[in-house]
Amino acid sequence: TSSGTPSRSATEVKAAIQTVRSGVAFQPRRTQSFCMRPEQRAAVDLTAMYFRDHAGIKAPKFLWNAKMRFGKTFTTYQLAKEMGWERVLVLTFKPAVATAWHDDLISHVDFDGWLYIDRQSSDGERMEAADYGGPVVWFASLQDLGGRGADGNIKAQNEVIHLIDWDAIVLDEYHFGAWRD
């Protein structure tokens, strides 16, 4: 289109091409099939090795201090696949990055069958996440999670988060709020 964004039919054609290439059933929104770049593969390998070597430690931590445009979101999803993580909670101090987490997950053929939950998800989708039979990525801002409902309890929309046994918790945009109260 003249706006620079592909028209619906152009997007569907790209998805159809990916279907032929990958052999995965047609999904109009899954138009991406690129592989990890060498530096992303190295990050996944190093991080996976660290987590496997520290499996006995409660909540091991690993920091990626990667440059802009590295592809931390996509690489994090690839790490989750490598580690076999089925429940990934992504917390951020900068809620505006939700779009990147959503788009990377729903547009790439590698993440077919993954469920994405965020603030925009319905109550039914949130409840489904607890018992979903495949990988779940739940994106939430720390500001939202830190807030309480009118009754002083956890906000109703966030209750399910506390019922899920998370395989990994990712702190995205850590530097935006790490040293604040």
Side-chain angles (χ1 to χ4, degrees), residues 1-41 43-44 47 64-126 128-129 132-145 157-158 160-161 164 166-177:
T1 65
S2 61
S3 67
T5 58
S7 67
R8 179 175 175 202
S9 61
T11 300
E12 289 177 352
V13 168
K14 287 180 181 180
I17 291 168
Q18 293 311 320
T19 297
V20 172
R21 286 183 181 160
S22 67
V24 174
F26 177 72
Q27 296 177 43
R29 294 169 33 175
R30 293 203 184 273
T31 59
Q32 304 295 325
S33 63
F34 54 87
C35 298
M36 284 188 281
R37 296 187 309 265
E39 66 270 20
Q40 292 170 323
R41 175 85 256 165
V44 168
T47 309
W64 284 345
N65 187 14
K67 64 185 185 229
M68 288 185 68
R69 311 307 317 154
F70 174 80
K72 291 180 290 290
T73 303
F74 172 72
T75 307
T76 299
Y77 287 148
Q78 293 292 352
L79 175 63
K81 278 187 68 172
E82 173 75 22
M83 295 300 299
W85 294 336
E86 294 264 315
R87 300 293 182 265
V88 178
L89 177 61
V90 179
L91 300 175
T92 186
F93 290 100
K94 190 175 178 188
V97 299
T99 302
W101 285 95
H102 174 266
D103 292 352
D104 279 6
L105 192 72
I106 67 159
S107 67
H108 201 284
V109 297
D110 284 357
F111 312 117
D112 181 33
W114 290 46
L115 180 65
Y116 179 86
I117 300 292
D118 67 7
R119 181 183 189 124
Q120 305 305 317
S121 300
S122 69
D123 289 343
E125 290 168 323
R126 290 167 179 272
E128 177 189 2
Y132 186 68
V136 173
V137 174
W138 192 311
F139 180 92
S141 74
L142 286 157
Q143 296 89 326
D144 186 39
L145 284 180
Q157 69 186 34
N158 294 328
V160 178
I161 289 174
I164 297 174
W166 299 102
D167 295 319
I169 298 174
V170 176
L171 291 176
D172 189 26
E173 301 293 349
Y174 178 78
H175 57 285
F176 277 96

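Source: prediction; values computed, not measured.
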Rounded to the nearest 0.5 Å, what separates atom [atom1] in [X] from atom [atom2] in [Y]?
| X | Y | atom1 | atom2 | result |
| --- | --- | --- | --- | --- |
| D103 | F74 | CG | CZ | 14.0 Å |
| Q78 | T75 | CD | OG1 | 7.5 Å |
| I106 | Q32 | CD1 | CD | 11.0 Å |
| E82 | R41 | CD | CZ | 5.5 Å |
| W85 | T76 | CH2 | OG1 | 8.5 Å |
| M36 | Y77 | CE | OH | 15.0 Å |

Legend entry - Side chains of R126 and W138 in contact at under 4.5 Å (non-hydrogen atoms):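 Sidechains of W138 and R126: in contact.
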
Inset, instruction - Compute the ring centroids of F111 and Y116, then answer whether they are less than 6.0 Å apart. - result: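 Ring-ring flag for F111/Y116: false, centres at least 6.0 Å apart.
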
Please find the pair of heavy atoms, one from [X] and one from [Y], that lie closest to each other, and give the distance.
| X | Y | value |
| --- | --- | --- |
| F139 | A98 | CE2-CB, 3.3 Å |
| A129 | L115 | CA-CD2, 3.9 Å |
| A43 | F70 | CB-CZ, 3.9 Å |

Inset, instruction - Can you sort out the partners of R119 under side-chain hydrogen bond (donor to acceptor under 3.5 Å, both in side chains), two or more places apart, ordered by chain and number? - result: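 Not a single residue meets the side-chain hydrogen bond (donor to acceptor under 3.5 Å, both in side chains) criterion with R119.
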
Legend entry - side-chain hydrogen bond (donor to acceptor under 3.5 Å, both in side chains) partners of W64, counting only residues at least two apart: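 Listed in chain order: T47.
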
Inset, instruction - Test W114 against H108 for side chain to side chain contact (heavy atoms under 4.5 Å, CB included), laying out the working first. - result: CA-CA 11 Å; W114 290 46; H108 201 284; over 6 Å; no

State whether the side chain of [X] and the backbone N or O of [Y] hold a donor-acceptor pair below 3.5 Å, judged by distance alone.
| X | Y | answer |
| --- | --- | --- |
| D167 | V88 | no |
| W166 | I161 | yes |
| Q143 | F93 | yes |

Legend entry - Residue pair W101 / D118, side-chain donor-acceptor N/O under 3.5 Å: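 Their side chains do not contain a donor-acceptor pair, so the 3.5 Å distance test is not met.
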
Inset, instruction - Would you please name every residue forming a salt bridge (charged side-chain N to carboxylate O under 4.0 Å, His left out) with E39, sequence neighbours left out? - result: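 Scan of E39 (salt bridge (charged side-chain N to carboxylate O under 4.0 Å, His left out), adjacent residues dropped) gives R37.
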
